[in-house]
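The structure appears right after this line, and notes come after that.
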Amino acid sequence: MPELAEVEHSRKQWDPGKNDVILDVDVARPEIRVFRGTDVPTLRDRLSGRRLLASEARGKQMLFQFSDGCWLGLHLGMSGELRREEQADYTPRKHDHLVLRQQKRALVFEDKRHFGRVRLHEGAEPPDWWQKLAPSILSKEFTLARLTAFVQRRRRTTIKAVLLMQEHFPGVGNWMADEILWRARIHPSTPAGNLDLAQTCGLWQQVRWVSRTAVRIISDDWTYPKTWLFAHRWEAGGQCPRCKTDLERAAIGGRTTCWCPECQRKQDAPTERATI
DNA sequence: CTATTTGTTTATCC
DNA sequence: AGGATAAACAAATA
């Protein structure tokens, strides 16, 4: 279930391993997709003997820093998660693809569907791909002006698909996009260029609100409140938590999308742009 | 057996 | 050239 808040939650699971040495690295199936582009023998060799120093999540990406200029990049894909097992002799399960063993625990990367990614970087600085990631939605750089410009550039694309673009909305995934649009009362199939100023401003506020609140909620609760669309989007006969209208579902932007037909009315295109 | 899945990359078309 | 869209990837679940 890894979107912004779930990724941050996964990252924290390895925190108790900070400052401890990696004694051994288990990879049961080096050939699987999660290791694409990474040489597994090298990965095992470099991580072994290193201490875990720090970690950070940016959107759906995570970066773990180890001693002596060694970095581990992780992406959870559709079904990945990080866990901590408190026995040093933990026996890995079927989809535990990477297990970092420390004296008192094992740090585990699990991914049932193999869409995640593991990568190694060596150097004094973080890897290039990390430095190029878009600014966080919760940072000062995530301004209404930048959002407006991005939305205008993607004006022919449905707003649902635009919200899934990691180059501007890092961490937003399928359920977050639906939650944001439901709160901003925008129909998911609206072409991005059709949003008026008030809607764009509302979108900007809700993107930030959902991101901030999801991270806070998941750090202690793990469940989202019944007042969220999230709690109803997969229920059979699910209803809008605001107005109790039956929710609708359809593929929009290539993904199953859930919305309230009452709160999120389909709107006509703006009457006209400038004459030719 | 078929359809579905909380993500990204690649190919293809426009 | 750049943007939009569909397919591909893999495995579990219903």
Side-chain angles (χ1 to χ4, degrees), chain A residues 1-11 28-38 57-62 73-82 92-98 109-119 127 129-130 132-134 137 149-182 188-194 207 210-211 213-215 217-218 221-224 228-238 247-259:
Chain A
M1 46 172 74
E3 298 181 24
L4 185 84
E6 294 91 355
V7 172
E8 174 62 9
H9 183 262
S10 266
R11 182 196 66 78
R29 297 153 70 195
E31 73 282 4
I32 66 169
R33 186 181 161 85
V34 298
F35 296 108
R36 58 197 181 277
T38 296
R58 290 189 185 176
K60 297 174 192 170
Q61 301 281 355
M62 289 178 285
L74 293 178
H75 190 288
L76 299 173
M78 288 274 246
S79 56
E81 65 175 58
L82 301 188
R93 300 205 290 251
K94 183 175 182 185
H95 293 291
D96 291 347
H97 303 310
L98 178 69
F109 166 73
E110 179 188 35
D111 182 6
K112 289 189 174 64
R113 289 176 66 191
H114 303 191
F115 286 161
R117 186 160 185 190
V118 176
R119 30 188 175 182
W129 60 262
W130 176 260
K132 286 181 180 156
L133 293 176
I137 288 168
F150 186 76
V151 157
Q152 226 13 71
R153 202 161 128 239
R154 304 294 179 159
R155 60 189 168 282
R156 307 284 297 275
T157 311
T158 63
I159 191 60
K160 168 65 186 267
V162 170
L163 280 173
L164 294 174
M165 294 177 176
Q166 300 301 295
E167 77 248 41
H168 201 271
F169 300 100
V172 173
N174 201 32
W175 80 253
M176 281 183 77
D178 287 356
E179 188 76 32
I180 290 158
L181 292 172
W182 175 71
S189 66
T190 310
N194 286 11
V207 167
V210 171
S211 298
T213 311
V215 171
I217 285 178
I218 215 159
D221 250 357
W222 183 248
T223 50
Y224 296 101
W228 286 41
L229 181 66
F230 181 91
H232 308 273
R233 51 171 297 131
W234 293 287
E235 295 174 345
L247 296 169
E248 285 197 29
R249 292 174 192 81
I252 298 174
R255 310 297 304 279
T256 296
T257 300
C258 176
W259 72 96

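Quick note: numbers below take in every heavy atom, side chains included, and nothing from hydrogens, waters or symmetry partners. We name chains A, B, ... by the order of the sequence lines, and we start the count at 1 in each one.
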Contact under 4.0 Å: A:T256 side-chain N or O vs B:dT5 OP1/OP2: yes

query: Please give, in whole Å, the distance from C:dA4 C1' to A:F150 CZ?
result: 13 Å

message: To the closest 0.5 Å, what do you measure between CD1 (A:I137) and CZ (A:R58)?
response: 14.0 Å

message: I'd like the C1' distance from B:dT6 over to C:dA4, given in whole Å.
response: 23 Å

query: How many angstroms lie between atom CH2 of A:W129 and atom CZ of A:R119, to the nearest 0.5 angstrom?
result: 4.5 Å

Closest heavy-atom pair and its distance - A:K112, A:E110: NZ-OE2, 3.9 Å

field: Value in whole Å for how far the P atom of C:dA10 lies from CD of A:E31
entry: 11 Å

task: With C1' as the reference atom in both, quote the distance from C:dA12 to B:dT9 in angstrom, rounded to an integer.
output: 22 Å

- request: Just say parallel, tilted or perpendicular for the rings of A:Y224 and A:W175, cut-offs at 30° and 60°.
  value: tilted

Polar atom pairs between nucleotides 7-10 of chain B and protein, under 3.5 Å, N or O only, would you list them?
from	atom 1	to	atom 2	distance (Å)
B:dG7	OP1	A:K60	NZ	2.8
B:dG7	OP2	A:N174	N	3.1
B:dG7	OP2	A:R255	NH1	3.0
B:dG7	OP2	A:R255	NH2	3.0
B:dT8	OP1	A:H75	NE2	3.0
B:dT8	OP2	A:K60	NZ	3.0

message: Rounded at 0.5 Å granularity, tell me how far CD1 in A:I217 sits from NE2 in A:H9.
response: 13.0 Å

Restricting to nitrogen or oxygen on both sides, can you table the protein-nucleotides 1-3 of chain C pairs closer than 3.5 Å?
from	atom 1	to	atom 2	distance (Å)
C:dG3	OP1	A:R153	NE	2.9
C:dG3	OP1	A:R153	NH2	3.3

query: For A:K94 and C:dA10, what is the distance between atoms NZ and P respectively, to the nearest whole Å?
result: 14 Å

query: For A:L163, which residues count as a side chain to side chain contact (heavy atoms under 4.5 Å, CB included) partner, sequence neighbours excluded?
result: A:F169, A:V172, A:A177, A:I180, A:L181, A:L203, A:V207

For residues 228-238 of chain A, run the donor-acceptor check on the side chains, cut-off 3.5 Å, and write out each pair with its distance to 0.1 Å, sequence neighbours left out.
from	atom 1	to	atom 2	distance (Å)
A:H232	ND1	A:E235	OE1	3.4
A:H232	NE2	A:K226	O	2.7
A:R233	NH1	A:D178	OD2	2.7
A:R233	NH2	A:D178	OD2	3.3

query: Expressed in angstrom and rounded to an integer, what is the separation of A:R249 atom CZ from B:dT6 atom P?
result: 12 Å

message: What is the distance, to the nearest angstrom, from the NE2 atom on A:H95 to the C1' atom on C:dC9?
response: 15 Å

message: Salt bridge or not between A:R154 and A:E167? Use side-chain N to carboxylate O under 4.0 Å.
response: yes

- prompt: Of all residues at least two apart in sequence or in a different chain, which pass the side chain to side chain contact (heavy atoms under 4.5 Å, CB included) check with A:A192?
  reply: A:V151, A:I159, A:V162

query: DNA chain C: stems of at least 3 consecutive Watson-Crick or G-U pairs, cut-off 3.5 Å?
result: B:2-5 with C:11-14, B:7-14 with C:2-9

Atom pair CE/OG of A:M176 and A:S211 - distance to nearest 0.5 Å: 3.5 Å

message: Can you measure A:K112 atom NZ to B:dT6 atom P for me and round it to whole angstrom units?
response: 16 Å

message: I need the NE2-P distance between A:H97 and C:dA10, as an integer number of Å.
response: 12 Å

field: Distance (rounded to the nearest 0.5 Å) between A:D111 CG and A:M78 CE
entry: 10.5 Å

field: Whole-Å distance separating the CD1 atom of A:I32 from the C1' atom of C:dA11
entry: 11 Å

